[in-house]
Amino acid sequence: MTPSSDIALLDPWTDARRIADRLNQADTRACVVLGAQAWCEKCRTLYPALLAMAATEQQSHPLHLWLWLDLEEHAEFIGDYLPEDLPELLCFERGQLIHRRVLEPGADLAGMSPPMGAGSASDPAVAILKSLRQANWGA
């Protein structure tokens, strides 16, 4: 199963306009999971649980946007950012990184949505969010 075929997790190559439109809404929280399904065993193990959790979160919080970015398939969006470990969850609000967490098998994913709070607009991960705001990647 590839991320682009799933409803809960959008793919920037096929859903660029939808992603950009959502990211340009003031109340959207973007949760981006960086992974590598081809070679990261943790990523493959956690992916089904992430799908289920993202679908549940989007039902409860329609303005939450969930994305899976594969290090190889989505390198153009990730740019020079290097995650500490994989898979890594990055959550953004109002253009700022508000939460970063390396995900581990067996962790409670249901409680991983971060609380509201202050963030950083200068963190290198914010460049990922800026690249995702472009609506014409496929053009």
Side-chain angles (χ1 to χ4, degrees):
M1 178 182 312
T2 62
S4 61
S5 68
D6 302 310
I7 295 170
L9 296 174
L10 300 176
D11 185 293
W13 291 122
T14 57
D15 301 310
R17 167 71 58 197
R18 189 171 163 198
I19 291 168
D21 289 347
R22 294 274 299 278
L23 289 175
N24 288 317
Q25 295 176 9
D27 294 337
T28 295
R29 174 184 285 183
C31 296
V32 178
V33 180
L34 302 177
Q37 285 189 315
W39 51 266
C40 174
E41 184 63 33
K42 283 196 310 181
C43 298
R44 287 192 300 272
T45 299
L46 286 169
Y47 187 74
L50 285 168
L51 285 178
M53 194 272 314
T56 300
E57 279 285 314
Q58 286 181 332
Q59 287 177 357
S60 302
H61 307 285
L63 292 178
H64 288 193
L65 177 66
W66 285 86
L67 303 167
W68 172 274
L69 296 183
D70 190 279
L71 292 182
E72 294 172 7
E73 291 179 30
H74 302 111
E76 290 184 51
F77 300 97
I78 298 168
D80 294 333
Y81 179 75
L82 294 174
E84 180 182 317
D85 197 2
L86 296 175
E88 182 177 70
L89 170 69
L90 304 169
C91 293
F92 303 92
E93 282 183 356
R94 294 177 177 82
Q96 296 186 355
L97 178 69
I98 61 165
H99 183 74
R100 177 188 335 239
R101 176 178 168 191
V102 173
L103 303 175
E104 297 294 339
D108 178 20
L109 296 182
M112 77 176 187
S113 193
M116 301 286 281
S120 170
S122 62
D123 191 284
V126 173
I128 296 170
L129 186 67
K130 290 178 183 175
S131 72
L132 291 168
R133 284 199 166 132
Q134 297 183 48
N136 61 349
W137 276 101

CA sep, side-chain torsions, deciding dist, call: Gln37, Trp68, side-chain hydrogen bond (donor to acceptor under 3.5 Å, both in side chains): CA-CA 10 Å; Gln37 285 189 315; Trp68 172 274; 4.6 Å; no
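- Across every non-hydrogen atom of Pro12 and His74, the tightest pair is CG-CD2, 3.7 Å.
- Closest approach of Pro105 to Leu46, counting heavy atoms only: CA-CD2, 3.8 Å.
- Rounded to the nearest 0.5 Å, atoms CG (Leu69) and CG (Leu132) are 5.5 Å apart.
- Checked by atom type and distance alone, the side chain of Trp13 pairs as donor or acceptor with a backbone atom of Glu73 at under 3.5 Å.
- Atom-to-atom distance recorded for Leu65:CG and Gln58:CD is 7.0 Å, nearest 0.5 angstrom.
- Looking at Arg29 and Ile98, their side chains come closer than 4.5 Å, going by heavy atoms from C-beta outward.
- The two residues Ala36 and Cys43 come nearest to each other via the heavy atoms N-SG, 3.3 Å.
- To the nearest 0.5 Å, the span separating OG1 on Thr28 from CD1 on Ile19 amounts to 11.5 Å.
- Listed by chain and number, the residues in a salt bridge (Lys or Arg N to Asp or Glu O under 4.0 Å) with Arg100 are Asp123 (sequence neighbours excluded).
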Step-by-step side-chain contact (heavy atoms from CB on, under 4.5 Å) determination, Trp66 to Leu89: CA-CA 10 Å; Trp66 285 86; Leu89 170 69; 3.9 Å; yes
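- Under the side-chain hydrogen bond (donor to acceptor under 3.5 Å, both in side chains) criterion, Ser60 pairs with no residue, sequence neighbours left out.
- Here the CG-CE distance, from Leu103 to Met53, works out to 8.0 Å after rounding to the nearest 0.5 Å.
- The minimum heavy-atom distance linking Pro83 with Leu86 is given by the pair CG-CD2, 3.6 Å.
- Between Gly95 and Val126, the closest heavy-atom pair is O-CG1, 3.5 Å.
- Around atom CG of Asp80, no more than 12 heavy atoms belonging to other residues, nucleotides or ligands sit under 6.0 Å away.
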Verdict with reasoning, Tyr81 to Leu90, per side-chain contact (heavy atoms from CB on, under 4.5 Å): CA-CA 12 Å; Tyr81 179 75; Leu90 304 169; 3.8 Å; yes
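- Counting heavy atoms from C-beta on, the side chains of Asp27 and Glu93 never come closer than 4.5 Å.
- Pairing each heavy atom of Leu71 with each of Trp39, the nearest pair is CD1-CZ2, 4.1 Å.
- The structure places CD of Glu84 at 13.0 Å from CZ of Arg101, a figure rounded to the nearest 0.5 Å.
- Scanning for side-chain hydrogen bond (donor to acceptor under 3.5 Å, both in side chains) contacts around Lys42 gives Asp85, Glu104, with sequence neighbours left out.
- How far CG of Asp11 is from CG of Asp70: 9.5 Å, rounded to the nearest 0.5 Å.
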